[in-house]
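As the structure is a prediction and not an experimental result, all values here were calculated from the model. In what follows, chains are A, B, ... by sequence order, proteins preceding strands, each numbered from 1.
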Amino acid sequence: MTTALPTCRRMSQLVSEAEDRPLGMRERLLLVVHTLYCGSCRAFRRQIRLLRRNMRELGESLTLSSESRARIEQALRDAESS
Amino acid sequence: MMLRATGVRTRSDGARDGPSTWLDDHGDALFAYARVHAPHDVAEDLVQETLLAAMKGDATFNGRSSRRTWLIGILRHKLADHVRQRRRFRADDVVLATLVERSFDDSGRWVRPPGPWRVGVGDLGRADVQKALEECLRRLPTRTAEVFLLREHAGLDVQRLCQVLNTTPTNVWTMLYRARTVLRECLEQSCLTDRRPDAPCGK
């Protein structure tokens with residue numbers, strides 16, 4: 001029986017899904033072997049992990065400024081007391 | 001904070017949860033989510049509207065979902081109105097699927113293999129990197145960008161994502177995969193590699 005080597009197309013999906021669900025035994029094995037010799041998929045994994053980490057520690061651009069916080073607090077207070 | 005004095009209940013687990021803590025606990029998550037679809041000022045207004053609506057409708061919170069999931073549900077309704085009003089061009093899901101498909105050749109190999117990035121963990125907060133990322137996020141189809149942000153920024157797990165978006169895990173995994181693939185390629189092309197050292201970030 002000849003088994004086709006797993007492609008980067010398939011393995012990159014697993015790299016991504018590994019961030020969101022526990023992989024099965026066979027999937028883990030395939031992935032470990034593939035990333036041993038495939039630098040591109042290793043780079044892909046590094047990049048999406050960097051991306052994940054970045055999203056969690058996002059800078060100012062995606063957080064409320066202290067002014068808008070104060071403004072919203074005021075609006076909530078007004079609504080609560082009315 | 002001043003507001004803290006009013007309207008705070010103590011949950012059975014001892015944590016405080018009430019309208020006055022929602023802004024602190026969930027404000028940034030809501031804002032980041034709104035920001036995908038709306039400019040800065042509109043996103044702020046949407047967060048405020050969401051919290052106000054949540055205060056009025058607190059009785060409808062059944063405790064089955066987390067407080068954040070519930071708030072995001074309200075925000076999604078507010079956003080839907082906004083997005084209907086002002087629809088930007090975005091690649092739709094079919095185009096996105098094609099984009100991801102084109103990242104690989106017929107034998108399933110990377111067409112433009114991911115390479116080393118000039119930025120590392122230490123550069124993550126850099127303004128030019130954030131700008132490039134926001135620009136890339138805006139190019140995603142709305143729903144895909146939503147899923148990505150809810151997962152990576154608001155920190156929802158796949159089970160909660162399925163609740164919020166009313167879809168299946170397989171669908172969520174696929175959307176996350178597409179989002180990551182397209183985002184990383186977009187970022188790589190905008191500024192982050194040595195291959196294009198002259199390319200300015202954020203353009």
Side-chain angles (χ1 to χ4, degrees), chain A residues 4-23 27 30 34-35 37-82, chain B residues 1-3 6-7 19-20 22-24 27-28 30-32 35 40-41 44 47-48 51-52 55-56 101 103-104 107-110 113-117 119-121 124-127 129-131 133-134 148-149 151-153 155 157-158 169 172-174 176-177 180-181 183-184 187-188 192:
Chain A
L5 277 176
T7 59
C8 292
R9 190 205 311 269
R10 175 73 197 118
M11 288 300 106
S12 61
Q13 277 168 24
L14 281 190
V15 165
S16 173
E17 287 182 21
E19 304 294 321
D20 308 311
R21 68 174 174 93
L23 297 183
E27 291 174 322
L30 280 173
H34 182 79
T35 47
Y37 63 83
C38 180
S40 302
C41 285
R42 280 201 304 275
F44 178 70
R45 181 164 58 197
R46 254 199 320 277
Q47 291 176 3
I48 67 170
R49 285 187 177 163
L50 198 66
L51 204 52
R52 297 203 70 190
R53 183 146 174 195
N54 184 67
M55 294 309 293
R56 275 191 234 120
E57 302 170 7
L58 261 194
E60 177 151 303
S61 57
L62 280 180
T63 55
L64 285 163
S65 64
S66 50
E67 296 88 59
S68 28
R69 233 167 234 286
R71 199 173 52 74
I72 293 176
E73 269 182 333
Q74 185 60 49
L76 291 176
R77 244 196 316 271
D78 292 349
E80 210 161 32
S81 60
S82 66
Chain B
M1 243 163 237
M2 283 186 287
L3 197 68
T6 55
S20 52
W22 295 344
L23 179 60
D24 275 347
D28 286 338
L30 293 171
F31 179 70
R35 195 64 188 76
H40 197 280
D41 50 332
E44 270 183 38
V47 171
Q48 179 170 325
L51 292 175
L52 285 170
M55 262 170 65
K56 288 184 200 135
E101 194 58 29
S103 300
F104 302 93
S107 48
R109 280 187 294 257
W110 294 96
W117 279 357
V119 298
V121 174
L124 288 183
R126 243 171 52 194
V129 177
Q130 295 309 334
K131 206 171 158 206
L133 179 58
E134 275 190 50
F148 180 76
L149 272 204
R151 174 84 184 102
E152 309 289 38
H153 190 75
D157 59 24
V158 172
V172 169
W173 292 326
T174 303
L176 285 171
Y177 169 63
R180 288 168 181 149
T181 307
L183 278 177
R184 75 115 217 126
L187 281 172
E188 190 157 300
L192 305 182

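Taking every heavy atom of both residues into account, B/Pro113 and A/Ser40 meet most closely at CB-OG, 3.2 Å. Closest non-hydrogen pair, A/Thr7 versus B/Ser107, comes out as CG2-O, 3.4 Å.
To the nearest 0.5 Å, atom CD1 of residue A/Ile48 and atom CZ of residue B/Arg184 are 10.5 Å apart. The line from CZ of B/Arg151 to CZ of A/Arg52 is 4.5 Å long, rounded to the nearest 0.5 Å. Expressed to the nearest 0.5 Å, how far CD of A/Gln47 lies from CG of B/Leu183 amounts to 11.5 Å.
If you measure heavy-atom distances from B/Thr181 to chain A, the contacts under 4.5 Å come from both the backbone and the side chain.
The shortest side-chain heavy-atom distance between A/Asn54 and B/Leu133 falls under the 4.5 Å cut-off. Side-chain contact check for B/Trp117 versus A/Leu50: some heavy-atom pair is nearer than 4.5 Å.
When the ring pair (Phe, Tyr, Trp, His ring centres under 6.0 Å) test is applied to B/Trp173, no partner is found at least two apart in sequence or on another chain. Every residue two or more places apart in sequence or in another chain was checked for a ring pair (Phe, Tyr, Trp, His ring centres under 6.0 Å) with B/Tyr177, and none qualifies.
If you tally non-hydrogen atom pairs under 4.5 Å between each of A/Arg46, A/Glu19, A/Arg49 and chain B, the highest count goes to A/Glu19. Of the listed residues (A/Gly39, A/Cys41, A/Ser12, A/Cys38), the greatest number of heavy-atom pairs within a distance under 4.5 Å of chain B belongs to A/Ser12.
By the neighbour-count criterion of 12 heavy atoms within 6.0 Å, atom CZ of B/Arg109 is sparsely surrounded, having that number or fewer from other residues, nucleotides or ligands.
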